[in-house]
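Working notes for the structure below.
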Amino acid sequence: MQFDLLQTALKTTNWQETKAKDELLKSLPLWIKWGVEIYEMDIGKDGHIYIVAPKKKLEFDQLRNIVASLEKKLKKTVLLVADDLPSKYRSLFVREGVPFIYKNKSIFAPQMGIKLMDFKEPKLKGAQLKDLSVSPFELKLLAGYLTGHIANENVNLKRLENILAKHGVKYSKSKLSNSVNHLIKLDYMDTQGHGPHKMVKFKSKEEVWSKLKKSTIKAFSKTAECYYFVEGDYIISGESALAHYSNLADSRIKFLAVTNKDFLQLASKGKPYGDFGRPSIICDIFKEPPSLFANEGKYINQVELYFLLKSHNDERVQIALEEMLSNIGLKA
């Protein structure tokens, strides 16, 4: 029934003439209003849905976060218009559960139990689809370079191993080799020589950063509220780290970067911390050790912090991110 109502509404209504009410638009964060147009469509007795059309070029993560934020605020189905988005995004939307419409061909609305798709994943004989996204470990390597922990010089795998070891982290040669080869394929690094004489070098910081901030980054962390605490030396993350790097006022909430092991220890061995109403600690649980390439051995590096907070809906945070990046010669 919902499918019939939605399909009929999309066919018979010019949704571009159903712009959402001013009261709703005024209540939304600036970063959403700047990025998308929002339309409200009546679908009969089942109420209404919202249709979101990008106003400018947005990255996949930004689109996903806009839809998630609107769904949480509006408590309604939100459909993203994918007509002018890169075709590769549509399969990513399905994988990530992001509802969308594509021209008059596809409707994907898992909340309503609707999946009408006419596009197919390409099947290539004897080949695999190229993975264009940056993994958490690859992001870590790029962040280390962009923040000066890895010098702009020709290195081999052994030299990279030693750099990581000096920062207290040991990785397998296979993981390091696979990640370096992928960064070469993604055009973040140049290579010369072969076999044991093979050397690699990052491209200029301007080239790397320009490419990285437009790339799809695989999930490298998740965030959780912490109500228990174990004393220790933790890496500072989130808004607490941003306050260190910029003029942002420090939050009364403490933001910590932890590993999953650290977080489980906090939950199982920690003492009650806070008033159990609003948490006093927020934990960013990183897939890769947050201590690797942390500045002053205390603060999560600026590049990982940028990608952690770039979709934050507070305008003050966005301004602080720009300030933080400008201090290391990068632009948001």
Side-chain angles (χ1 to χ4, degrees), residues 61 133-151 155-183 186 188-189 200 202 208-209 212 215-226 228-245 253-270 281-310 321 324-325 328 330:
D61 288 342
S133 53
V134 176
S135 75
F137 181 53
E138 290 159 5
L139 175 62
K140 180 70 75 172
L141 291 175
L142 293 169
Y145 167 61
L146 290 169
T147 55
H149 295 281
I150 299 177
V155 294
N156 56 21
L157 285 181
K158 185 63 179 176
R159 170 68 177 142
L160 276 177
E161 274 189 281
N162 291 337
I163 292 172
L164 295 173
K166 284 183 179 178
H167 285 84
V169 181
K170 185 173 178 60
Y171 287 95
S172 69
K173 287 185 178 179
S174 61
K175 179 172 181 174
L176 186 55
S177 176
N178 289 338
S179 295
V180 167
N181 286 332
H182 193 225
L183 290 175
L186 294 181
Y188 286 106
M189 303 180 90
V200 295
F202 286 102
V208 168
W209 178 243
L212 180 60
S215 296
T216 298
I217 310 295
K218 292 181 180 177
F220 63 94
S221 71
K222 57 185 178 182
T223 301
E225 297 177 350
C226 301
Y228 296 89
F229 186 62
V230 177
E231 291 293 338
D233 294 325
Y234 297 97
I235 302 300
I236 306 300
S237 181
E239 292 174 44
S240 299
L242 187 57
H244 169 74
Y245 290 126
I253 298 176
K254 186 182 299 183
F255 291 80
L256 301 180
V258 297
T259 63
N260 193 57
K261 181 180 178 181
D262 292 332
F263 182 72
L264 293 176
Q265 184 182 44
L266 288 173
S268 63
K269 299 181 179 179
I281 298 176
I282 298 291
C283 287
D284 294 314
I285 308 166
F286 283 75
K287 289 190 175 180
E288 298 295 333
S291 58
L292 179 58
F293 303 136
N295 289 320
E296 303 173 35
K298 186 176 180 182
Y299 300 96
I300 197 74
N301 67 71
Q302 296 96 320
V303 171
E304 287 182 282
L305 182 59
Y306 169 75
F307 286 106
L308 184 69
L309 295 177
K310 73 171 187 172
L321 287 174
M324 173 189 73
L325 290 177
I328 56 172
L330 303 177

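Atom CD1 of residue I235 and atom CG of residue D284 lie 12.5 Å apart, to the nearest 0.5 angstrom. With rounding to the nearest 0.5 angstrom, the CG atom of L141 is 8.5 Å from the CD atom of E288. A distance of 10.0 Å separates CD of Q302 from CG of L242, quoted to the nearest 0.5 Å. Rounded to the nearest 0.5 Å, atoms CG (L308) and OG (S221) are 4.5 Å apart. One finds the NE2 atom of H182 at 13.5 Å from the CZ atom of F137 (value rounded to the nearest 0.5 Å). Within the model, atoms CG of L176 and CG of N181 stand 9.5 Å from one another, a figure rounded to the nearest 0.5 Å.
For Y188 and Y145, the ring centers sit 6.0 Å or farther from each other.
Between L321 and L309, the closest heavy-atom pair is CD1-O, 3.6 Å. Nearest heavy-atom pair across M189 and V200 is CE-CG2, 3.6 Å. Residues V230 and K269 approach most closely at CG2-C, 3.8 Å, considering heavy atoms. The minimum heavy-atom distance between K298 and A294, with the atom names listed, is N-CB, 4.2 Å. When all heavy atoms of L305 and A241 are compared, the pair lying nearest together is CD2-CB, 3.8 Å. Closest heavy-atom contact between S237 and L256: CB-C, 3.6 Å.
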Checklist line | Working for side-chain contact (heavy atoms from CB on, under 4.5 Å), residues V303 and L212 | finding: CA-CA 10 Å; V303 171; L212 180 60; 4.2 Å; yes
Next item on the list: Quick one: do I300 and F286 satisfy side-chain contact (heavy atoms from CB on, under 4.5 Å)? Show the steps, please.
Entry: CA-CA 10 Å; I300 197 74; F286 283 75; 4.0 Å; yes
Next item on the list: Please step through side-chain contact (heavy atoms from CB on, under 4.5 Å) for the pair L146 and Y306, ending with a clear verdict.
Entry: CA-CA 12 Å; L146 290 169; Y306 169 75; over 6 Å; no
Note to self: Could you go through F293 and L164, starting from their C-alpha distance and side-chain angles, then the distance that decides it, and tell me whether this counts as side-chain contact (heavy atoms from CB on, under 4.5 Å)?
What the structure shows: CA-CA 9 Å; F293 303 136; L164 295 173; 3.8 Å; yes
Review item, side-chain donor-acceptor pairs of residues 260-268, under 3.5 Å, at least two apart:
unit_1: D262; atom_1: OD2; unit_2: T259; atom_2: N; d: 3.2
unit_1: D262; atom_1: OD2; unit_2: T259; atom_2: OG1; d: 3.0
unit_1: S268; atom_1: OG; unit_2: L264; atom_2: O; d: 3.0

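One N or O on the side chain of K140 and one on the backbone of P289 form a donor-acceptor pair closer than 3.5 Å.
For the pair Y171 and L292, the minimum side-chain heavy-atom distance is below 4.5 Å. L157 places none of its side-chain heavy atoms less than 4.5 Å from the side chain of K173.
Looking at residues two or more places apart in sequence or on another chain, you find a side chain to side chain donor-acceptor pair (under 3.5 Å) between E296 and H244. Remark: Y245 engages no residue in a ring pair (Phe, Tyr, Trp, His ring centres under 6.0 Å) (not counting sequence neighbours).
Annotation: K222, atom NZ; neighbour count of heavy atoms from other residues, nucleotides and ligands within 6.0 Å does not exceed 12.
Cation-pi contact between K254 and Y234: absent, since separation from the ring centre below 6.0 Å together with deviation from the ring axis within 45° is not met.
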